[in-house]
Structure formats: C-alpha cells, structure tokens
Amino acid sequence: MQQSLAHVALVVRDYDEAIDFYTRKLGFVLVEDSYQPAQDKRWVVVAPPGSHGTSLLLARASAPEQLPFVGNQAGGRVFLFLRTDDFWRDYHRMAAAGVQFVRAPSVEVYGTVAVFEDLYGNHWDLLQYSAG
C-alpha cells in the first residue's frame with residue numbers, strides 16, 4: 001500500500017487576499033483556481049516552488065461558525081512547516097516582502113528555523129534541516 005497527503009485545507013477569509021499573500025510574499029505557485037458552481041465556492045490550490053508533495057487548499061470560511069478558525073487552526077501553535085534548501089535566502093526574501101517573523105532564526109540540532117505568521121496569524125516554521 002502507498003498513500004500520501006495530497007492537500008492540507010487552510011481556512012481563509014478571502015480567496016484573492018490569500019492567493020496574493022501566498023504567491024507574492026511566500027513565493028508559492030498557484031496550482032489551480034477553479035469555480036465550483038454546485039457549491040458556490042472556488043477550488044484554490046497553492047504549493048511551494050519546486051514542490052511535488054502536499055499542497056495547500058485555500059478554503060474560504062463559508063459559514064459563521066468557521067470564521068473564528070481563520071488564523072487559529074492550531075490554537076496558536078506552529079501549524080505548518082515550510083522546508084527550504086536555503087534558509088537564509090528565503091528568510092531574507094520573505095522578510096523583505098513583509099512577512100512577519102515572530103521568532104528569530106536559530107540554529108538547532110536538527111537545522112535552522114524561524115517562526116513566521118501568515119496573513120491571518122497562523123504560525124509556520126521556515127526550516128532547513130541539517131545535513132545528515
């Protein structure tokens with residue numbers, strides 16, 4: 001048996017502002033943006049450049065009970081982990097684009113890491129694993 005995660009759904013307030021943040025500030029690629037008329041919603045998928053694995057499904061909050069979870073999907077904990085092959089390149093590019101880092105870069109046993117917030121306040125790790 002072989003399985004893998006295809007998408008992780010991230011609840012967002014607005015499709016277009018989320019696309020703008022993920023593509024312009026984080027440098028993600030817009031994989032798909034198609035309207036689903038039966039449900040009156042869009043299927044919006046973004047992925048990091050060069051990624052062939054799991055992608056993000058940007059899912060607009062479509063009911064009042066979903067709105068409190070925008071930006072708080074993990075109760076304030078780091079929720080998503082963006083792995084990179086060059087930490088400092090991406091850290092400086094993201095910081096210059098206005099991405100807010102809430103924990104400064106640090107070198108740990110497993111690699112170099114810093115915590116940033118997406119446009120809604122979800123916490124992410126930017127992470128480059130150590131060799132080996």
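Note that these values count all heavy atoms, side chains included, but never hydrogens, waters or copies made by symmetry. Keep in mind the model is a prediction, meaning the values are calculated, not measured.
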Peer 1: Yes or no on side chain to side chain contact (heavy atoms under 4.5 Å, CB included) for Asn122 and Leu80, after CA distance, side-chain angles and deciding distance?
Peer 2: CA-CA 8 Å; Asn122 291 302; Leu80 296 163; 5.9 Å; no
Peer 1: I'd like to know whether CZ of Phe101 has more than 12 heavy-atom contacts from other residues, nucleotides or ligands below 6.0 angstrom.
Peer 2: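 Count over threshold, so yes.
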Peer 1: Please name all residues satisfying salt bridge (charged side-chain N to carboxylate O under 4.0 Å, His left out) with Arg93, sequence neighbours left out, ordered by chain then number.
Peer 2: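 Expected list: Asp90.
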Peer 1: Other than Tyr129, which residues form its hydrophobic cluster under the rule that side-chain heavy atoms must be closer than 4.5 Å?
Peer 2: Tyr110, Val113, Leu127
Peer 1: List in chain and number order the residues that pass side-chain contact (heavy atoms from CB on, under 4.5 Å) with Leu119, two or more places apart in sequence or in another chain; answer none if no residue qualifies.
Peer 2: Glu17, Phe21, Tyr22
Peer 1: Got a sec, which hydrophobics cluster with Val31, joining ILVMFWY side chains under 4.5 Å apart, including via others?
Peer 2: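 So far as hydrophobic clustering goes, Val31 is joined with Trp43, Val45, Leu57.
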Peer 1: Apply side chain to side chain contact (heavy atoms under 4.5 Å, CB included) to the pair Tyr120 and Leu10, showing each step before the final yes or no.
Peer 2: CA-CA 10 Å; Tyr120 300 114; Leu10 184 65; 5.9 Å; no
Peer 1: Residues in side chain to side chain donor-acceptor pair (under 3.5 Å) with His7, at least two apart?
Peer 2: Ser55
Peer 1: Tell me, which pairs form a salt bridge (charged side-chain N to carboxylate O under 4.0 Å, His left out) where one or both residues lie in residues 27-54, sequence neighbours left out?
Peer 2: Asp16-Arg42, Asp33-Arg42
Peer 1: How would you list, by chain and number, every residue that makes a side chain to side chain donor-acceptor pair (under 3.5 Å) with Gln36, sequence neighbours excluded?
Peer 2: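 With neighbours one apart ignored, the set is Ser34.
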Peer 1: Who pairs with Arg103 by salt bridge (charged side-chain N to carboxylate O under 4.0 Å, His left out), at least two apart in sequence or on another chain?
Peer 2: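 With neighbours one apart ignored, the set is empty.
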Peer 1: Under a single-linkage rule joining Ile, Leu, Val, Met, Phe, Trp and Tyr whose side-chain heavy atoms are separated by less than 4.5 Å, which residues share a cluster with Phe81?
Peer 2: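 Result for Phe81 is Val78, Val102, Val115.
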Peer 1: Return the minimal non-hydrogen interatomic distance between Leu58 and Ile19, and the atom names on each side.
Peer 2: CD1-N, 4.1 Å
Peer 1: Who pairs with Arg24 by side chain to side chain donor-acceptor pair (under 3.5 Å), at least two apart in sequence or on another chain?
Peer 2: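 Testing Arg24 for side chain to side chain donor-acceptor pair (under 3.5 Å), a comparison that skips the adjacent residues, returns Asp20.
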Peer 1: Is the backbone of Leu30 close enough, under 3.5 Å, to the side chain of Thr23 for a donor and an acceptor to pair up by distance?
Peer 2: no
Peer 1: Please work out whether the ring planes of Tyr91 and Trp88 are parallel, tilted or perpendicular, with thresholds of 30° and 60°.
Peer 2: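 Answer is perpendicular, since the angle exceeds 60°.
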Peer 1: Considering residues at least two apart in sequence or located in another chain, which fulfil the side-chain contact (heavy atoms from CB on, under 4.5 Å) criterion with Ala61?
Peer 2: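 side-chain contact (heavy atoms from CB on, under 4.5 Å) list for Ala61, sorted by chain: Val11, Gln66, Leu67, Val70.
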Peer 1: Keeping to residues at least two apart or across chains, list the salt bridge (charged side-chain N to carboxylate O under 4.0 Å, His left out) pairs with something in residues 104-127.
Peer 2: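 Applying salt bridge (charged side-chain N to carboxylate O under 4.0 Å, His left out) to every pair that reaches into residues 104-127, excluding sequence neighbours, yields nothing.
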